[in-house]
Amino acid sequence: MELIKPFFRLRLFWLGAAIRLAACLLLEPMAQKDWFGPFFDNWMANPSFIPWNAAAGLDDKVFPYGPVMFLSILPFCLPGYLLKAFGADAALTAVRGAIFSADLIILLLLAHLFPRQEKKLLAFYWFSPLVLLANYWAGQLDAIPTVWLVASCLALRNYRFRSAAVFLAAASAAKLSIAVVFPFFLLYLIRNRRFTGLRLDFVLPFLAVLVLGLGLPIFAESYRHLVMGTPEMFRLFDLHLKLGDIPLFLTPIIFGCTFYAVAQVSRLSFDLFFSLVGCALLSILLTTRTPPGWYIWFVPFLVAHLVRARRSQMLPAGLFILTASMCQYLFWPSPLWPGMDESFTPETWLKPQFISLSYTATLFAGIILLADTLRRDILNNNIYQIGKKPASIAIAGNSGAGKDRCARLVADLLGEDSVVQISGDDYHNWDRYGLMWQSLTHLSPQANQLGRFAADVLSILDRKRILCRVYDHQTGRFRQPASRRAGDFVLVSGLHALYQEKLNAKFDLKIFLDLDERLRVFFKCRRDVQERGHSLYDTLASIEKRRPDAAQYIAPQAQLADIVFRLEPLPNSDLNDFNVIPKFRLTVLLRRAMYTYSLVRQLVVMGHLNTQLSEGGEIFEQSILIEGFCLPGQAKIIASQLLPGLDDILAPKPQWRDGFDGIIQLITLCHLMQNCKERL
Amino acid sequence: MPHIYDQDRFQTEPSAVLLDLDNTLYPFEPAHSAAESEVLAMAAQQMGLAVKHVRAAFSQARQDVKKRLGPVASSHNRLLYFSRGIESLGRKAQPLLALTLEQTYWNVFFQNIRLFDDVILFLTALKGSGIPICLVTDLTAEVQYRKILFLELENYFDYIVTSEDSGRDKPDPASFRLALELLQIPPERVWMIGDNPQTDIDGGRASGLTTLLKKNGPFMSASQAHLDFDRFADLHKFMRDRKWVLY
């Protein structure tokens with residue numbers, strides 16, 4: 001209801017509705033007069049649980065649809081029946097009511113998919129000649145399965161997989177041909193590692209409803225005859241070449257190629273999926289001699305293309321709409337006008353050459369549209385670019401600086417299933433009991449297999465599996481090597497994560513964690529003295545022993561990072577009492593960030609944080625000092641403001657943290673998205 | 001096009017423009033209703049009550065607060081509505097819940113706020129033509145400043161007057177008087193643009209300003225405005241045609 005309100009304010013909406021109502025009242029399309037009307041007349045005269053029986057004695061084409069189509073029209077039979085008293089034709093009223101409602105529902109679903117685009121939706125959907133022709137001129141029922149199809153896409157976008165499955169199955173059970181898009185739905189789930197655990201949620205309900213909707217009625221003889229015997233599906237074999245005297249069918253080949261191309265994309269975002277389904281449907285439309293109704297399926301995808309399109313892209317789409325409508329107008333018999341006796345088909349007075357020309361024009365415009373969609377919507381898509389190579393984040397910092405915690409924060413957002421982690425700890429030369437630790441510290445590059453580390457990172461970035469040891473922090477031993485498969489995101493953390501220059505060039509985002517030394521000592525002493533029972537003297541001595549190495553090998557990596565997060569205690573904090581955790585503030589040093597000013601604005605306005613921005617010492621450097629407490633959920637809200645399209649990257653249920661953790665998550669994402677876009 | 005009711009007032013360009021914020025520069029209703037329904041759902045869930053009871057309590061609390069405080073900025077403070085509402089539902093004082101509800105309200109509000117079309121072009125033209133702009137708005141300064149920052153409008157206004165600052169809500173002359181004092185100009189050629197026939201228009205008239213009504217929807221009641229307009233683009237064109245703005 002909230003969504004339809006904005007339309008009420010627009011005059012064009014009412015104009016479109018008036019045109020539709022007038023068409024419903026005045027035009028008598030052939031399909032309704034000869035097929036659906038008599039069919040529903042028969043059914044209303046002899047209601048039966050097997051509706052297809054009503055086709056007895058009628059043409060074969062009267063109702064070649066599944067049970068969902070019938071059920072979707074059924075609710076409109078009652079008002080049709082009631083209006084009969086006022087001289088209306090009950091069956092036709094029901095059918096037209098259903099078409100009009102489906103038309104309106106598609107508009108609302110599109111408003112859900114494209115919020116705040118009311119005017120564009122009116123222009124591209126409500127006044128699309130394709131829609132008006134198919135629904136009211138040709139009077140076809142395809143708007144009904146299209147409702148289910150679009151609803152399914154919408155549910156899929158909102159991660160409601162079960163609903164998506166049920167809706168898609170309903171669409172297929174309304175009109176079998178719609179099932180051609182099912183492989184793309186499946187691919188979307190497979191090509192998103194973040195949905196790993198949720199795939200069966202989709203597949204099982206889909207199959208269940210499909211069996212129920214398409215399988216059960218098979219026992220009815222009239223269904224077998226009417227629905228399964230429909231020649232519609234054979235349209236897929238219209239276009240063929242001759243290989244000797246064997247026909248080669250082109251439509252399945254083209255469809256299969258589209259599917260293969262989609263299967264090559266390693267990560268599909270919803271937008272990408274939507275564009276690709278559109279392309280697949282378009283390729284079918286272009287290679288078959290389809291009735292106008294089929295165009296309705298494609299219209300929502302065309303609208304998606306147009307809503308995002310730049311002005312220069314309107315031309316191919318407009319040309320396609322024009323030529324396709326022309327074709328449909330020529331192809332399909334015109335409806336009866338009031339006071340007209342015979343339906344007249346333009347084919348009777350237009351030369352066949354003209355029809356052939358208009359098909360040629362449609363094919364031409366369609367191919368341009370297809371190329372344009374591929375080029376602009378797909379190849380330029382962020383996720384498509386990210387999907388080509390995993391996005392990688394490197395996190396370096398001294399021991400105890402919170403590298404694992406930071407990696408955890410990022411993984412919580414991106415989802416366990418999409419992330420593969422490589423930890424520098426697994427590449428220490430020796431386990432905790434190695435004797436070499438007497439002369440070397442872990443901080444020394446010589447105590448680590450950095451070459452192997454680099455090779456493994458490169459392999460993972462190349463989407464290859466790696467085999468690596470796992471360091472067990474409990475026992476201090478290495479566990480048996482485990483195989484790790486590639487993910488969409490690679491998180492590399494370690495003391496030396498930014499130590500190798502050539503490797504740094506491969507990372508999309510480089511983070512250095514710089515815990516204030518006083519705080520680091522505080523936390524280390526607190527842990528070792530209180531939890532592990534070491535003496536304070538020994539702990540301090542071991543920290544002291546590592547200090548030169550930290551200064552020589554670890555600290556310089558901060559110079560190479562895109563982001564340095566520095567946590568420091570508030571001035572006047574007492575760091576001597578291990579029982580009281582001091583309050584911190586966060587300083588973020590950003591290099592080459594383009595989002596800084598909007599981020600600071602959001603932190604102040606939405607985050608209620610005390611934020612100071614200063615331009616850094618070097619060029620391209622800025623530093624933000626943040627004090628205060630970020631409320632739970634605030635980081636998420638700021639992210640949705642700053643980063644449109646974020647949902648495609650994050651896990652279905654991202655775990656946002658509060659406090660500074662949330663801010664670290666936010667800034668990491670901002671910089672990652674920025675740097676990934678630079679790949680374009 | 002703008003409809004002029006008093007030609008004499010529009011012989012020359014304005015010496016300054018006073019602007020209302022809420023529902024003049026952006027539509028208030030969508031943002032408010034989204035925020036309100038979120039808050040009601042949250043409050044109902046936290047207190048284990050039906051939404052309609054919470055709604056009734058909050059709206060009663062709002063009336064009470066407004067009645068008690070009269071036309072001052074704090075009478076718009078949602079924190080007060082929420083805490084009084086929670087108390088009236090028998091939950092005593094719940095500062096954490098009230099504060100959370102308030103935060104949520106503004107969070108959702110901000111997320112649903114969009115400027116009217118062409119507001120930026122209009123403000124840029126005024127600014128670029130050297131016409132001073134002062135925001136004159138009822139409500140507390142903090143919330144209004146946040147809105148201005150969020151909408152990225154902070155560079156357009158020469159002064160910002162809130163009723164927290166002036167002491168009384170419009171139509172009381174206090175805010176208009178303060179704005180004119182800050183601008184240091186007499187009221188005759190100053191425009192007041194607002195959406196509310198009572199507070200902005202009648203109030204502005206009483207202070208001697210030239211009043212322009214921003215109509216939201218075709219069925220706005222007749223008012224005493226010197227001019228009314230539907231879209232900022234229309235007003236902008238009106239000024240451009242008379243060469244009152246440079247572009």
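Worth knowing before you read on, the calculation uses all heavy atoms, side chains too, and leaves out hydrogens, waters and symmetry mates. Proteins get letters first, then strands, A, B, ... in listed order; numbering begins at 1 in each.
- The number of heavy atoms from other shown groups lying within 6.0 Å of NZ (B/Lys127) is above 12.
- For the atom pair CZ (B/Arg146) and NE2 (A/His608), the distance works out to 4.0 Å, reported to the nearest 0.5 Å.
- Contact count against chain A (heavy-atom pairs under 4.5 Å) is highest for B/Phe150 among B/Trp106, B/Tyr145, B/Phe150.
- Within 6.0 Å of atom CZ in A/Arg162, 12 or fewer heavy atoms from other residues, nucleotides or ligands are found, so the atom counts as exposed in its surroundings.
- Contact of A/Ser640 with chain B is made through the side chain alone, with heavy-atom distances under 4.5 Å.
- Residue A/Lys636 qualifies as open at atom NZ: its count of foreign heavy atoms under 6.0 Å is 12 or below.
- Taking 4.5 Å as the limit, every side-chain heavy atom of A/Met606 sits out of range of all side-chain heavy atoms of B/Leu149.
- Within a 6.0 Å radius of CZ in A/Arg591, more than 12 heavy atoms belonging to other residues, nucleotides or ligands are found.
- For A/Ile619, the CD1 atom sits in a loose shell: 12 or fewer heavy atoms of surrounding residues, nucleotides or ligands are nearer than 6.0 Å.
- Residue B/Gln103 touches chain A through its side chain alone, counting heavy-atom pairs closer than 4.5 Å.
- For the atom pair CD of A/Gln641 and CZ of B/Phe110, the computed distance is 10.0 Å after rounding to the nearest 0.5 Å.
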